[in-house]
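The structure appears right after this line, and notes come after that.
All of these numbers come straight from a predicted model, not from anything done at the bench. Counting starts at 1 for both ligands and their atoms, in listed order.
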Amino acid sequence: MADKLQWWRDNRFGMFVHWGMYAATEGYWNGQETEGIGEWIQNREKIPLAEYRKLAAQMTLSEYDADEWVALAKRAGMGHIVITAKHHEGFAMYDSACSDYNIVQLGPSGRDPLAELSAACQRGGIRFCIYYSHCLDFAHPHAYGNAWDFDPEQIEMERYVEEKLKPQLRELLTNYGPVGLIWFDMPRGLSEAGTQDLRDLVHELQPNCIIGARLGYHLEDYHSLGDNELPCCVLREADWETPATLNDTWGYKRDDQNWKTPAELVESLAELAACDVNYLLNIGPTASGRIPDGSVQALEGLGEWMAVHRESVIGTQGSPFASHGDNWFATQRDDKLYLFQRDWQPQLSLRGLTNDVVKASLPGAPTVELGLRQADGCLHLQLPDAAPTPFTGVIELTLDGRPECAPLPVEQPDGCIYLTSQPDQVEPGSAPPGNAGAEAIATELAEDGRALEIHGGRACNWRRSDDKLCWQFDLETAGRFAVIVRTRGPKYGEWIGGEVLRATIGGQSLEAELQGEEAVNKPRTRYFPERGSSLGTLSLQPGKLTLELSALRFTDGADLSLCEIVLRRKPEDEQRA
Ligand code: FHN
């Protein structure tokens, strides 16, 4: 059977829709704006179910036009739509026979938004997909999340599974046509066998339905990065997706106007494609079914870029390079290599491509002649002073065959060697966790068993002094290099630092405390602050070299999270020091 994920990989880019009764609150309750993401308002404000269900009368759907949603998704370049059939609030946004707590029974319109969207997707030629919160349900006494109406001590998860979860999955996978994927979320309280049961039920009803992203017990068909988390490098060992918001909430909040710009969205989409990661970008419609203006503007802006550059992202595979430079990254398709520049420069030089370049051109400006020279393993491109289209600039290369690159990171013409992490570079230790403040973060991670791992290209759960990370790279010319370690802080928080790391290359070692003296500004740092810290300088001789990194001291309560290492050649005048 053809790989059922192939359509999903080829699509690369989808629309997420968070739509439920929370939209009717617009992010406010009793005149106060709720903190954080809007779809959690009932939980955050402890709204009694008897009160909350009255919101259904405001779900008028008077501005809901499913064909308009599909058209906007297509203009933005999205190939599928994942809509919340039931979020944590437990309110079904479709005609559910097993629970009258749904939009058709309680809403004033009597319309079934999922049926309308499924039909519109069929008409529009894009995949209809469903989000279902399978463990949290604020309207059921035997699911998680509502400890103000129900007694959490009384939860019997199997009753929830049999009374609501499985019947609703059956309805959704029977009554709404082909479902491209089902997006489970927040796994909790289910056994592995119970989770496998759900997987089997989905496959019994729709064998080709992809199971994402957070079913639990790693039984999903692809992995999910954290919300709004962008990877640090190409993720090669599995299929991955980043779910992201256009502002800072999934469900509608009338005063969250912190929209991402089209420029940031374009750069994120392109870099995710370069990292071989899908992008699931969210809209949060109002109670009437209108898509907020800020969302429409952002997606329309992105769509203008996609109208010219769709080929460089959709249907491509991740970068062939062992690592990228700070200002460039790449995608590939057959004999095409697409190079992206974050900030457009009139020259682009890079090392590591072993193909001959047959042709170089600018999508959107096919008549513009580009300067092209290949020498000493380097590719040099002479470009116009400005990119022909706004936002991330794209250069299309036609090669003498499929792209082939040096297998290990090499020194780039900017004098830097960029080292990023793959799971096989980890040597987990067994020493007791050295992070005295581990209890501060142990709620997230059970200390027992959680060892240093690479998640989304980032080293995390790093707590043991004998944990080790190793990189190999190729050096052609001897020299003195600064060793810069880029680490990130907690989401929405401040960068912390203070750890002491040791780097060893060829018998030479450096040790230093992370001071965070260098800023790192990429889309991945919007929610996760990241800084570079120098460990010192090493004199390196040419050859295939190995860098080993370990942590001698941790910062209490902080999670040492490594994104990238940069070996930066010292300027000539400092080479002799
Ligand atoms: O709690 C949910 C949240 O409301 C939203 O649905 C996101 C989307 O990825 N998932 C959970 C938080 O990660």
| said: Students should be able to answer this: which protein heavy-atom is nearest to atom 13 (O) of ligand 1, and at what distance? | reply: Asp227 OD2, 2.7 Å
| field | Nearest-neighbour protein heavy atom for atom 5 (C) of ligand 1, which is reported as residue plus atom name and distance | value | His18 NE2, 3.5 Å
| query | Quick one: is the NZ or CZ of Arg214 closer than 6.0 Å to the six-membered ring centre of Trp183, and within 45° of its axis? | reply | no
| request: Identify, with sequence neighbours excluded, every residue that meets side chain to side chain donor-acceptor pair (under 3.5 Å) alongside Arg53. | output: none
| query | Atom CZ in Phe138, atom OH in Tyr101: separation rounded to 0.5 Å? | reply | 10.0 Å
| query | Looking only at N/O atoms, are Trp250 and ligand 1 under 3.5 Å apart anywhere? | reply | no
| task | Measure the shortest side-chain to side-chain distance between Pro243 and Asn282 over non-hydrogen atoms and say whether it is less than 4.5 angstrom. | result | no
| remark: The answer for which part of Tyr22 has a heavy atom under 4.0 Å from ligand 1 is neither
| message | Is it the case that atom CD in Glu494 sees more than 12 heavy atoms from other parts of the structure closer than 6.0 Å? | response | no
| request: Identify, for atom 4 (O) of ligand 1, the protein heavy atom at the shortest distance, and state residue, atom and that distance. | output: Glu39 OE2, 2.5 Å
| For ligand 1, which atoms have a heavy atom of His87 less than 4.0 angstrom away? | 3 (C), 4 (O), 5 (C), 6 (O)
| field | Atoms in ligand 1 with a heavy atom of Trp183 nearer than 4.0 Å | value | 9 (O)
| field | Nearest non-hydrogen protein atom, atom 11 (C) of ligand 1 | value | Asp185 OD2, 3.0 Å
| What residues form a side chain to side chain contact (heavy atoms under 4.5 Å, CB included) with Ala57, not counting sequence neighbours? | none
